[in-house]
Amino acid sequence: MSRSLAAASASRAFFATVVPAQSVRKRIQPLKVSSDSARKYIARAHTSRTSASVSGRNAESRSHFFCAASTFPSSSSAAIPSALPASASPIHHTVRSSTHLQPWIPRRHARSVHRPDRLRRHTGRTVMERGPHRRRSIARLLEGAVVGEQVVVTGWVKTSRFSKNVSFVHVFDGSTDKTVQVVLDEALALAYKAELGVGAAVRVQGEWAASPGGEQSVEIKAHEVQIVGASDPSTYPLQKKRTTLEHLRTIAHLRSRTNLHQAVVRARDAISWHIHRYFHEHGFRWIHTPIITGSDAEGAGELFEVRAGDKPEGFFGKRTFLTVSGQLEVECFAQSHTDVYTFGPTFRAENSNTARHAAEFWMIEPEMAFADLDDVIALAEDFVRTVTQRVMADLPGDFELFDKRCPECGAYRPKEACKECGFDGPGVVASLQAALAEPFARVTFHEAVAILQQVDRAWEYPVGPHESLQAEHERYLAEEHFGRPVFITNYPREQKAFYMRVDEGGETVSATDLLVPRIGEMIGGSQREERLDMLLEQMERHQVEQEELWWYLDLRRWGSTPHGGFGLGLERMVLWMTGVQNIRDVLPFPRTPGHAEF
RNA sequence: GGGUCUGUAGCUCAGUGGCAGAGCGGGUGGCUGUUAACCACCGUCAGGCGUGGGUUCGAGUCCCACCUGGCCCGCCA
């Protein structure tokens, strides 16, 4: 045990947390109080039908204790004071308001943030029990805990096995794909067996120890167990065994506790974080474009209307909608800050019923001034490549899980061929590595059409210079012909949006779609039309109202530059990287036609 | 929006016009440094087969309508 921990036990301070049962969100921060006061808090919380817990360290036995009123039998309030150790005497009496509880971390110790024990030794401040330093996550324990050290782990029971002499409980906390194995002796197992079912929230204190088991190298020999939140396995909707993703969608509030969703949530977070990191490393500013927009003229799809009150002109004095894209707005900032991007929620009211569409999704839209289509394509490729590699490097355990799933049907397939669908191609990790092994392909729309016309295959939809590429064509190009991501460029003018720059000759526009295997279109981008006269002509052709977009036209009046960017659907990148088939499984609470539960 | 498949126990599913089933999960006991453990026992731990009509002596099964969910396509990111 470190010296700082020993010093803490000498102070004999106690920490009482009073949590009003009616409103868990308005949690009162831990108060550092004397043992007498702690008793009072516990007793008062108990009689007022709230819950409270007291934790601290017994000065003589040096053992942790932790008790909560909510876990006591409601009939025996007498049990509460006796749960505190007799040796607890008032030494320290500090009560702070919740606004002062943010630990002050000196700059020179910033690197120690992930080692709260060390931080406390340097600063002498009791930051360990507060906020993010109140305990170490399982990820941190696996990184830095020393065998023999006393540790605390909090989390939820994934599985438990009991026998006469020794019992095992696996606890997860979401910080890593790993669980930590808690070993219980006979007495602890006997005391808690009934309550340590799947799903229970627990707090375990014990010794970090080497594990003789084959599947893990370390474990916790429990000294104390606290059932923080009980869970009845006979009614708990999640089971120890597999359930289908379709069923889990009906319990989206609980599915983030399952293996796959735990991993997907971490992957989604890592992708988002690395997207921000990538752009900031390259000098892009994050622009918060509006969610509520007054323009319904962008032509990017059906809109959700925003209303408040019953005034005929509405809250804003005009009709307003949820944004379908921040692109037009972020273009303004490209013309002032050069390299910018948006990253936020986006809404489309289309009646799309596919595995790749949602009514609410997150979109990333970089925009560069003084840039042409080649710049956009170079950015898109470097961006996808960098983010993908970094995310895979960050989450090796999670990608091991993704790789075990069949890319075709999602069944787990430890061996080569999938038992469900017979697929025996590479897993998602190998296919991602293959996709990144070479530079992405690049062809013009007309070259792509020529490729498709030369294939001896009966297409369901016609192929031609004036037909649009359908999903079957896009999949063929990315999966079979090129076998890696491919940029299609210079689409026919009439197929693309009004703001895309018209090419020489006037037949095509400087647009590009990035098609990736299994997903299809992941990115859509273009060089924008910077010439006022041509933009006006385009709006005329596409029947876009000029009056609504007067400000967008203004950008072309003063200091217009060649510029461009792309839009990336975050969820499509998550699907691509994780191998999950359905967008409804990578959004925390997916919104699709007919579904806004939770 | 179009097409298609589907709906039986908490979950995953089987069920040939004739008595509603299995595995998993759950419970109980045992055993084991276990690994989605293992062994034994429990159906009074569970459903009347999505809902509503119809055919039939008899419908989970056949027909019709509606609802639900999945998948494919379109729209796109």
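Throughout, protein chains are lettered first and strands after them, A, B, ... in sequence-line order, and every chain is numbered starting at 1. Everything numeric here is computed off the predicted structure, so don't read it as measured data. Atoms considered below: every heavy atom in the structure, side chains included; atoms not considered: hydrogens, waters and symmetry mates.
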Hey, is [X] close enough to [Y] for a salt bridge, meaning N to O under 4.0 Å?
X      : Y      : value
A/R319 : A/E305 : yes
A/R442 : A/E447 : no
A/D339 : A/R285 : no
A/R385 : A/E381 : yes
A/D185 : A/K221 : no
A/K496 : A/D513 : yes
A/E521 : A/R572 : no

To the nearest Å, how far apart are [X] [atom1] and [N] [atom2]?
X      : N     : atom1 : atom2 : result
A/E460 : B/G2  : CD    : P     : 17 Å
A/I583 : B/C75 : CD1   : C1'   : 14 Å
A/L322 : B/A77 : CG    : C1'   : 17 Å
A/R572 : B/A77 : CZ    : C1'   : 4 Å
A/K164 : B/U28 : NZ    : C1'   : 17 Å
A/Y461 : B/C75 : OH    : C1'   : 11 Å
A/E571 : B/A77 : CD    : P     : 13 Å
A/I523 : B/C76 : CD1   : C1'   : 14 Å

For B/G58, glycosidic torsion class - syn if within 90° of 0, otherwise anti
anti
For a quick check of understanding: with a heavy-atom distance under 4.0 Å over all strands, which category does [X] fall into, base, sugar-phosphate or nothing?
X      : value
A/E219 : base
A/M573 : nothing
A/G214 : base
A/A358 : base
A/K221 : base
A/G567 : sugar-phosphate
A/F347 : nothing
A/E472 : nothing
A/S211 : base

Take atom [atom1] in [N] and the same atom in [M], then report the distance between them in whole Å.
N     : M     : atom1 : value
B/G7  : B/C66 : C1'   : 14 Å
B/U4  : B/A9  : C1'   : 28 Å
B/C75 : B/A14 : P     : 35 Å
B/G25 : B/A65 : C1'   : 37 Å
B/U16 : B/C62 : P     : 9 Å
B/G21 : B/G48 : C1'   : 13 Å
B/C71 : B/C64 : P     : 26 Å

Can you say whether a donor on the side chain of [X] sits under 3.5 Å from an acceptor on the base of [N], or the other way round?
X      : N     : result
A/S352 : B/C75 : yes
A/E215 : B/U34 : no
A/Q216 : B/U34 : yes

Passing candidate, ring-ring contact (aromatic ring centres under 6.0 Å, His included) with A/H280, options A/W286, A/Y341, A/W273:
A/Y341
Looking at the rings of A/F321 and A/F347, which for Trp means the six-membered one, are their centres under 6.0 Å apart?
no
Among [options], which nucleotide sits nearest the side chain of [X]?
X      : options             : result
A/E474 : B/A36, B/C76, B/G27 : B/C76
A/A355 : B/A36, B/C75, B/C72 : B/C72
A/T354 : B/C73, B/C31, B/C76 : B/C73
A/P233 : B/G27, B/G33, B/C76 : B/G27
A/N582 : B/G33, B/C71, B/A77 : B/C71

Go nucleotide by nucleotide along RNA chain B from the 5' end; which of A/R249 and A/N165 gets its closest nucleotide reached first?
A/N165
Residue whose closest nucleotide on RNA chain B lies nearer the 5' end, A/H357 versus A/K193:
A/K193
Under a 3.5 Å cut-off for both distances, is B/G48 Watson-Crick or wobble paired, and to whom?
none
Who is the Watson-Crick or G-U wobble partner of B/A77, with both distances under 3.5 Å?
none
Would you say that A/F333 contacts A/E367 through its side chain, given a criterion of any heavy-atom pair below 4.5 Å between the two side chains?
no
Is there side-chain contact between A/S167 and A/R161, with heavy atoms separated by less than 4.5 Å?
no
Considering just the side-chain nitrogens and oxygens of [X], establish if one lies under 4.0 Å of OP1 or OP2 belonging to [N].
X      : N     : result
A/R584 : B/C71 : yes
A/N353 : B/G69 : no
A/K240 : B/G25 : no

Spell out protein contact along nucleotides 6-13 of chain B as letters: B when the base is contacted, S when just the sugar-phosphate is, - when no protein heavy atom is under 4.0 Å; keep the 5' to 3' order.
----BSS-
